[in-house]
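See structure below.
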Amino acid sequence: MVIVRGRLDKSGPSSGDLGHLFFKETDSLGGAFVKLWVGEANVGSGAISLAMLHKQNSEVSTETIFLYALRGNVGDRIPLVLEPTSGKISLGEGGPIDVKLTSNKVWILKEEGLIMQDLFSNDVKEGLAHYYALQETFVADLLFQSSEHSSDDLLWLAYSAFSSSKEEISPFVSSVFLRALLFPGVHCNAILRQTLGNYNRLFTDSEFDSFTVDGLKNEILSLIEHQGGGESPLSLLECWKAFCTRYVDNWCKNNAACGLLIDPFTGAIGLVRKNTLSLCRGLEDVEHTVYGSFEEQNNRTIPGLDFSGNELDRNILFELLQCVRNVSQQLGKASSAIFYESLLNTPHISSEEVVPRFLKILETGYSPSTTAIQISVLGADTAWEKELLNHRNLRKFSTNMFLSLHALCRKANSWDKVLDVVESYLKFLVPHKIVLNLDSEAIFYIEGSAIVQSTSQIAKVMFESALDVLMLLSYMTSISGQINMSHDDVSRVKLELIPMIQEIVTEWHIIHFFGTTPSESPAIEDFSYQLSSLQIDSNVDKRLLNGRLGKCEFSLAFILLLSMQSSSRDLSNGSFRRLPNPSRLISLSREFTSWIIWGRSGEESSVFFSHSIDLALILLRHGQYNATEYLLTLVDAYSRKEKIFESLQAVDGKLSALFHLLGCCLVAQTQRGLHGLVKDRKVGESVRCFFRAASVEGSSKALQSLPREAGWLRSDFSYVKLLIIFNCSSPSAAAWKLQYYQWVMQLFEQYSMSEAACQFALAALEQVDEAVGTLDSSYRENLGESVPTVKGRLWANVFKFNLDLNNYHDAYCAIVSNPDEESKEICLRRFIIVLYERGAVKILCNGQLPLIGLVEKVEQELAWKAERSDISTKPNPFKLLYAFEMHRNNWRRAATYIYLYSVRLRAEAAVKNHQLRSLTLQERLNGLSAAINALQLVHPAYAWIDVPVDETSFDKESSPNKRARIIMQEQSPSDDVLPQKLQSYLDVEKLENEFVLTSAEYSLSLVNIKWTFTGIEKPSPGLIDLLVESNSYDMAFTVILKFWKGSGLKRELGRVFITMAMKCCPSRPVPLLHGKDRLTHGLLLTSSQDELVHDSLNAATTAQQFMGSSHWETLEVYLDKYKAFHPRLPLIVAGTLLSADSQIELPLWLVRHFKYTNPSQKTQSESVKSPSILSRKVSQINEIAQSRWNYFGCALIGISLWWGLVPEPLLEIEVSNSRSDLAFETSLRLSLGDRSESCFGMTGSESNPASLFRLYVDYGRYAEAVNLLIEYTETLASVRPADVIRRKRSFAVWFPYTSIERLWCLLEESIRLGHRINQCEKLKKILHGVLLNHLNLLKVDSEDVKSSAI
């Protein structure tokens, strides 16, 4: 810059006096020059540009900048000459912030915008100035802050677009605002943090820096919802408006423009702000066309849209653009945002549905539902005024469009001419094709954000321009009858122009998508990302790139820019010494756009779709799966349309690669936290993509041509290469599909997607016969696999995948279908193991699977598993074998397996503690009973099982847990070499014996007495003693009855009852039979509250043993039960009691065992045991008697029944028949007279009255002996006349004469010794009288016998 100083001389002007000129200007304009800017010196022209700010007086606030040129003339008296003004720029109100002059331009920065004017313009007075809006305007416009009603238009347009899904309006509106906030040039971390702080959402530096894109979006959405945005779409819009207003205010304050920066080397223009630096870019040709005036278009030649020499086409285009502007203004600025958002992520509405609904708004206005909402929100009056205004604007728009389109048609003379101009303009909107040089990467060695922002802004303009043309053409076709468009013209629009516009919109949409969509953060589980985070890699720029992924300011375009460079250096490391000038920045943006659409060479036949494969690979390598999916899905959607413009041609190979990459992308997405239906949908779409990739013609060549750096995306085609090596230069499609399907199967298997993997395994199976079976035998040998081997491997995979999915039926079908026997056996073994682990092995035993031809193998696998499994395994393998055989009616095999289970339990029970041992024994009992039940279903001649002796003891050390995969067939030795195995044949009787002994062992375990079954056929007497000591009487008697017969049975019964009788004598201890630690008490030990009793047998046994609460009752019960097996048991019991205590009072029930032989008479003792039952019966009989007014009989019956003189049923019958007198007579007869009926005298069974008499005599119970003798002699004397003849028979063995004589002698001896003299004399006297009466009776009977004989 050159600073010029001049001396002001007021004495008079001279020809070159600067001050004279300045004062002259001041005098003519009024006011004064307040500021001077000096530009660069132009060496060629020798001029220095000057700019002077002129300000009017204080009353007029307008300001003007005058432009001058200061020239130097060598040789003149005055070296510097100030030329007259070359131009001026009126600034209006508000002065400039900064002014910069270059060699040919002047830049003026104001708060409202940037003004640029060429120096030395042809206009002497006023040069042509260009006005550029600042970024503040762009930010406000994008956030719907430029006008009062722009945000309202967004809501009403959304209501009209979402007429069938109103619930999507609120998320849709929020998505639009969030995307605008993250737009390049709009988003700023510091300003967003400040705006959140205004709502008391405060974050530290580390907290805010840790936010990813999704985290930041969630934080903003939670703030909007907290402010009341969740109530209704209108309240949501108000919250967003308030938030965006604060954001724009903060943006303008923190990024206020401070000055201009000019790079003298490149001519770059920059705005210096408080916290940032902005670069100025030039306008794209389309922007000049859309925003320029008709005069500007005439003065400017635009490449690609050259109408020079054809003024008519230029006029048609200008009027056409006027119609486009009218349509755009009628819909509002929010229409493009809604259409763009519908292209991205709106599930309930597509972009193809948005255009007809926008068209309906152009034709009839907003929907009636919008009017109803306005009434509820704004009020009836305001809503009515707004509706009237909308109708007025609609009528005005319709009229203007009608007139304009008619005028356009008249000017062009036909619609065909207009459509030609439209087509030319649409071609002008297509992204430029630029062939990049090999060294063109160096041009991007600058600040990359400038290119990204410039490209995003241009893409937005182009996208909106194409959309506006689309809406205009759609509107023209809808009113074609009104504007006289022919059917051919309408068809041309629909079949040619609209598809062309759709493709253009898609291309610019993708460019805009790349420029504005933030990148995804890398997955934490990604190994490459973890490796880079450790900073082991020497590539610093790669670490910086990974660190920026997922940040809002780092969009997808940055990743693509890095891929365009030959080195991997980050754009942010570029030098700031060479900033691009506005035109250069536009050129860089064009090159970047061309590379995205056309690639580097620009020679592809199809526009964008051919290069999409390369773009997808770049995005996939950087983990941008969502962007890749959207890109490839969009390309796929357009590839399936028949209305595509001519630029999209058939690219089968490219399509196969596209589907392949899309499938890989979808698979990768499933590993990033997706669950449920979303994950299932992704997997289903990936399956479809892989099948489509394989079905496209030429897919083999296309997929093999994928670059190696694609990593796991590139499949291994070694099998196809082998086919080529072995003289199969053109492998069949089946061979290719076989290999590809296997690769996809492995891909899904790697990520545990068994269902999808199974589909491709089945698909590969369909190709095996054609792919491998058609080859020659020599080729198959070289490949190393035959058709059965390949099928076996694939069926094994099908089996595995179905097993993972719990599809057991399908898994079994895969086993059956497997032609490889080795593979089938391995799968079957795995099938059984997995069923065991998952508790689903019952499917083998309930007949659901048709085990045709596999029964023996299944049984072998189950048996092998049972032998090597722990018996605590659930479900138990032996029980499963039992069920397996029982279901197939193999009773003996079932009995064998369940018996082996009981043998295993016997070994386990010996080493377990008390409680576990009881449970094990109970389980063993169940096994033995199951074996017995199974054998009972077999014919008795075959009811036995064959158990080898060496299999009855399982040694785990000799039985490995894992089975060899392949069992080699060894040569069988001769029979004489084989060791002879001992066989153990067990029939039902032996199993029952073992069951009884095991039951005894279980009963002892319940009372913590350990006794182990030794396997002998007959137990020792010690077992009986242990059972009796533990009060397990039922079990003791069961063992005795099972294993002893005849005299041995009586002996063991006598031993048991002797012990039981001794327990009834508390005055004397019970002798210990075995050891010192045996139980000596007569009560069972009850379990604690915490101890679970798992056996019902225990409860039943306890209930039987303790019908009362004393040992006497227990003795009575078992004596009644087992007297039939040993008639001397009452005698043994009585003798034991008397031997223990000679003065003991024998119980009445025991005495009756000696007196009565009829079992029915023993019910009297049972009635005595239950007073409550007896009382109830007496009451019932008493009621019956009272009802018949027989109180005396009632009393007699009650007494008889209480004392056990008569059975209850007989009395009830007679009382009910009003025969109470007969009832009492019956009671007396049964209690006294029937004694003579049952047995005459004191003889009978082994336990008879005579035996009792002898016991009394032997143990000094003289009084009881005399009374017993009196009782029977009186009974004999008081018989009925009908029984006299019976008494007159010989009774030599009836009367115990020897015992009576011995009693007589003992009484005399006792008198002689002086023991109880009085009592003995009295008893002797009574005995003498009884004998005298008896002898007299015998004398009378003898005489009767003699007389009857005569």
Side-chain angles (χ1 to χ4, degrees), residues 284-286 289-290 304-305 320 324 335-336 339-344 350-356 358-359 419-434 455 458-474 476-477 490-515 590 592-599 602-616 627 630-652 654-655 658 662:
E284 183 60 81
D285 293 335
V286 175
T289 304
V290 173
L305 193 64
L320 182 68
V324 170
S335 59
S336 61
F339 183 79
Y340 181 83
E341 199 67 29
S342 67
L343 289 171
L344 291 175
S350 65
S351 59
E352 296 180 355
E353 297 176 355
V354 173
V355 173
F358 281 175
L359 185 61
L419 297 181
D420 290 339
V421 175
V422 172
E423 185 175 353
S424 300
Y425 179 69
L426 291 178
K427 292 180 179 179
F428 175 65
L429 294 178
V430 175
H432 296 283
K433 181 189 295 184
I434 301 175
T455 305
I458 294 173
K460 182 177 184 297
V461 173
M462 303 294 278
F463 175 82
E464 293 176 350
S465 299
L467 178 62
D468 292 339
V469 176
L470 175 63
M471 293 307 306
L472 175 63
L473 294 179
S474 300
M476 290 169 58
T477 55
V490 174
S491 299
R492 181 182 177 185
V493 171
K494 292 183 178 180
L495 299 179
E496 296 182 8
L497 299 183
I498 289 182
M500 183 178 179
I501 297 174
Q502 290 175 345
E503 184 177 344
I504 295 172
V505 168
T506 302
E507 293 170 352
W508 286 110
H509 163 63
I510 289 296
I511 298 172
H512 186 267
F513 173 78
F514 286 149
R590 289 176 180 175
F592 182 44
T593 301
S594 175
W595 179 82
I596 292 176
I597 300 300
W598 298 91
E603 296 179 355
E604 288 82 358
S605 59
S606 59
V607 188
F608 161 70
F609 306 97
S610 60
H611 193 226
S612 61
I613 305 300
D614 299 330
L615 296 177
Y630 181 74
L631 170 65
L632 297 179
T633 303
L634 187 63
V635 175
D636 177 30
Y638 273 84
S639 67
R640 288 184 280 111
K641 288 185 177 180
E642 297 180 355
K643 298 183 296 181
I644 298 297
F645 184 56
E646 60 184 2
S647 59
L648 179 59
Q649 301 175 2
V651 283
D652 292 339
K654 295 291 184 179
L655 286 178
L658 183 147
L662 180 57

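Residue numbers start at 1 and run along the sequence shown.
Distance check: Leu470 CG to Ile498 CD1 gives 6.0 Å after rounding to the nearest 0.5 Å. Taking CG from Leu662 and OG1 from Thr633, the interatomic distance works out to 4.5 Å, rounded to the nearest 0.5 Å. With rounding to the nearest 0.5 angstrom, the OG atom of Ser336 is 5.0 Å from the NZ atom of Lys460. Interatomic distance, Met462 CE to Leu429 CG, rounded to the nearest 0.5 Å: 5.0 Å. For the atom pair OG1 of Thr593 and CD1 of Ile510, the computed distance is 13.0 Å after rounding to the nearest 0.5 Å. Expressed to the nearest 0.5 Å, how far CD of Glu507 lies from CD1 of Ile597 amounts to 5.0 Å.
For the pair Glu423/Leu426, no side-chain contact is recorded, criterion being any heavy-atom separation below 4.5 Å from C-beta on. The closest side-chain heavy-atom distance from Asp285 to Phe428 is below 4.5 Å. Using a 4.5 Å heavy-atom threshold, the side chains of His432 and Glu284 count as touching. Contact annotation: the side chain of Leu320 never approaches that of Tyr425 to less than 4.5 Å [non-hydrogen atoms, C-beta and beyond]. Contact check for Leu343 versus Phe513: no side-chain heavy atoms found under the 4.5 Å cut-off. At a threshold of 4.5 Å between non-hydrogen side-chain atoms, the residues Asp420 and Arg492 count as touching. Counting only heavy atoms from C-beta outward, the side chains of Tyr340 and Val354 never approach each other to under 4.5 Å.
Although no hydrogens or angles enter the test, the distance criterion places no donor-acceptor pair under 3.5 Å between the side chain of Ser594 and the main chain of Arg590.
Listed by chain and residue number, His611 satisfy the ring pair (Phe, Tyr, Trp, His ring centres under 6.0 Å) test with Trp595 (two or more places apart in sequence, or in another chain). Listed by chain and number, the residues in a side-chain contact (heavy atoms from CB on, under 4.5 Å) with Val461 are Glu287, Tyr291, Ser465 (sequence neighbours excluded).
Aromatic ring pairs are classed by plane angle as parallel below 30°, tilted from 30° to 60° and perpendicular above 60°; the pair His509 and Phe463 is tilted.
Between Ile596 and Leu615, the closest heavy-atom pair is O-CD1, 3.5 Å. The minimum heavy-atom distance between Val355 and Ser474, with the atom names listed, is CG1-OG, 3.9 Å. Between Leu632 and Ser612, the shortest heavy-atom distance links the atoms CD2-O, 4.3 Å.
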